[in-house]
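Structure, as structure tokens:
We number each residue from 1, following the sequence as shown.
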Amino acid sequence: MGITLFFLVLAPLCLLWINRPERLIQLMIIMGIFEASAAITVGGFGIAPNTLPAIAMVCYIGAQFLLGARYPGRARVWPLLIPLLVVAGWAILTSWLSPRFFEGRVYVWPQKSTPPFVITPLTPSSANLNQDLYLLLNIIIFVMVALYMTRQGAPGRPFHPVSILRAYFASVLLAFGFGVWQFASHVAHVPFPSDMLYSNPGWSILTEQTVGSLPRINATFSEPSAFGGYMAAGAFCAGWLILNDFPGTLVRITLAAAVAGVFLSTSATGIVTLGIGALIVVLMGVTIHAKRFLPMIKRRAVQFLIFSIVIMVLVTVMTPDLLTSLGTIVDSVTNKQDSESYNARSSTDLDSLQAAIDTFGFGVGWGNNRSSSLIPGLLAAIGIPGMLGLIWFAWRLISRVRSLRRMDRKLEDIQVVNGASAALAGYLVSACLSAPTITTASFYVFLALLISGIARAEGTQASKAPARIFPPAERRSPTPGRIRGTAPSSIRG
């Protein structure tokens, strides 16, 4: 067992903020970019740095629950949580049952295979235990953060969920800074802390890849595609918030850094994700939000075109050799389907789909198979029942978000909903392209942030709704011929 510099820095911070869960959540978001690092190493297993604030946060909020604490939005939050909790329970259940029911009859790609890298028969083992534990921890984080972030804060110290978005922007800028640092290390041999950043023995680190004469950059992540996907999600979040009038300069700097980080990574995943995000914005601008978005899109498009022309002229004059490398990047993205890695990934995805078919749609269980993209991986792991549960979960969230469209988009809770939903869309698009699953805790924090934002916004909406006033009952006329009696003395006074 060994401890790293991350543990020495994070342990005091976790103790200092043990009674400030919002600070621990922010710390967890920022530390999420160090996915290739370890705070503690135990043999061939490494504990990621963001796990320490996550555990501290779970302990504090769990202790509050045991002491009887209740949060104001729980009545609205729990119905939104239930579908994902059911899917998680199914995933953990099938991770134990499927290997015993379909032993030797289904072939899977192991999570951590050793040479030779071959597909193997499904057998009961403890290899998926780590994946079950990660899923369980992420679900606990998801539930606790969703409930906690419906609170209003102590008197004199109100709670602002939008601070979580600003922590996310800081993490994007920090990741971009490390990416520039690594690029300078490759080009100008500037010292770079590789031993500290790539200290997790459980990850395969890819740091020496190149595209033409340009080095591929993975910054603090295990591979360039992970870095590119993270920056693309940051661009999704920042860009959508700018279109929805999010105040401040930080979000605009984040958008510029995120887009630059995607191209710095030279990742086809990040570039295609960024293109899909731009296409979604344009489609929404000309259909759903045409009156509000179309003028902004036209104005930003002209500014982007002028900026691009200036940059191209400067690059052509100062570094003409760079254009050749950029052409190589474009070729690698557009001709990705002809590459050996693409063929290997496609073969893995097809094998995952076959595993789902061979189990009659029930799946091989969580952690028993590794694919190359999200949809085949989920189908192989949780089968058709699990996918139906995820569709149910997504539909409920989308319908609730759509019901808030008439609220003022400058309200803090609406900004939180917009930012969290855009970041989640970025995560999902990049994962559908080239990630077997989403295990990062930041994704579950954004899910919780979205649900708590919906609950808070619905509470605000309900409090501002006019009270329903019933019309007064019609006065009855006395029956003709009825003799009125003398009123009681108590009424006559």
Side-chain angles (χ1 to χ4, degrees), residues 25 28 32 48 50-51 54-55 57-59 61-62 65 71 74 76-101 108 111 124 126-150 352 355-356 359 361-371 373-398 400 420-421 423-424 427-428 431-432 435-452 454-455:
I25 296 170
M28 185 166 43
N50 65 344
T51 306
I55 293 175
M57 185 267 298
V58 167
C59 290
I61 298 180
F65 281 142
Y71 294 104
R74 62 185 184 276
R76 289 187 171 90
V77 166
W78 276 114
L80 294 173
L81 298 180
I82 287 174
L84 189 59
L85 298 183
V86 171
V87 173
W90 170 260
I92 294 175
L93 179 64
T94 54
S95 71
W96 188 85
L97 293 178
S98 291
R100 288 159 176 81
F101 287 159
V108 296
Q111 285 287 334
S126 60
N128 61 340
L129 180 61
N130 290 340
Q131 299 300 318
D132 287 346
L133 292 177
Y134 273 124
L135 177 62
L136 186 60
L137 177 61
N138 285 331
I139 291 298
I140 293 173
I141 292 171
F142 165 65
V143 172
M144 290 189 171
V145 172
L147 291 171
Y148 177 81
M149 286 198 292
T150 60
S352 298
T359 57
F362 285 98
V364 297
W366 192 257
N368 286 315
N369 179 73
R370 183 178 181 84
S371 67
S373 54
L374 184 64
I375 302 301
L378 288 176
L379 275 171
I382 58 179
I384 294 175
M387 291 298 292
L388 292 176
L390 290 179
I391 292 172
W392 174 33
F393 177 61
W395 176 253
R396 296 197 67 177
L397 290 184
I398 292 171
R400 300 290 276 272
S421 57
L424 290 170
Y427 274 112
L428 290 172
C432 287
T437 185
I438 303 177
T439 57
T440 175
S442 300
F443 177 81
Y444 292 88
V445 169
F446 276 112
L447 266 182
L449 189 64
L450 175 60
I451 289 176
S452 63
I454 292 172

Give me the ring orientation class for F443 and Y427: parallel if the planes are under 30° apart, tilted from 30 to 60°, perpendicular past 60°. perpendicular

Just to verify, what does S352 make a side-chain hydrogen bond (donor to acceptor under 3.5 Å, both in side chains) with, not counting sequence neighbours? N369

Tell me, please, which residues at least two apart from N368 pass side-chain hydrogen bond (donor to acceptor under 3.5 Å, both in side chains). N128

Output all residues satisfying side chain to side chain contact (heavy atoms under 4.5 Å, CB included) with T359, sequence neighbours left out; order by chain, then residue number. F102, V106, V364

Just wondering, do T150 and R76 contact through their side chains at under 4.5 Å, heavy atoms? no

Per-pair distances, 0.1 Å, donor-acceptor, side chain in residues 85-96, under 3.5 Å, sequence neighbours excluded:
| from | atom 1 | to | atom 2 | distance (Å) |
| --- | --- | --- | --- | --- |
| W90 | NE1 | I382 | O | 2.8 |
| T94 | OG1 | W90 | O | 2.9 |
| T94 | OG1 | A91 | O | 3.1 |
| S95 | OG | I92 | O | 2.5 |
| S95 | OG | D132 | OD2 | 2.9 |

Identified side-chain contact (heavy atoms from CB on, under 4.5 Å) counterpart of L84 within the set L447, L397, V143, I451: L447

Give me each pair satisfying side chain to side chain donor-acceptor pair (under 3.5 Å) with a member in residues 379-398, each pair once, sequence neighbours excluded. none

Spacing of CG belonging to N138 relative to CG belonging to L135, to within rounding of 0.5 Å: 7.0 Å

Value for OH (Y444) from CG (L137), rounded to nearest 0.5 Å, stands at 10.5 Å

Say you draw a straight line from CD1 of I375 to CG of L428; how long is it, rounded to the nearest 0.5 Å? 8.5 Å

Evaluate the side-chain proximity of M387 to L379: yes if any heavy-atom separation is below 4.5 Å, no if none is. yes

Distance, nearest 0.5 Å, that separates CG of L81 from CZ of F142: 4.5 Å

Under the side-chain hydrogen bond (donor to acceptor under 3.5 Å, both in side chains) test, residues paired with Y71 that sit two or more places apart: Q64

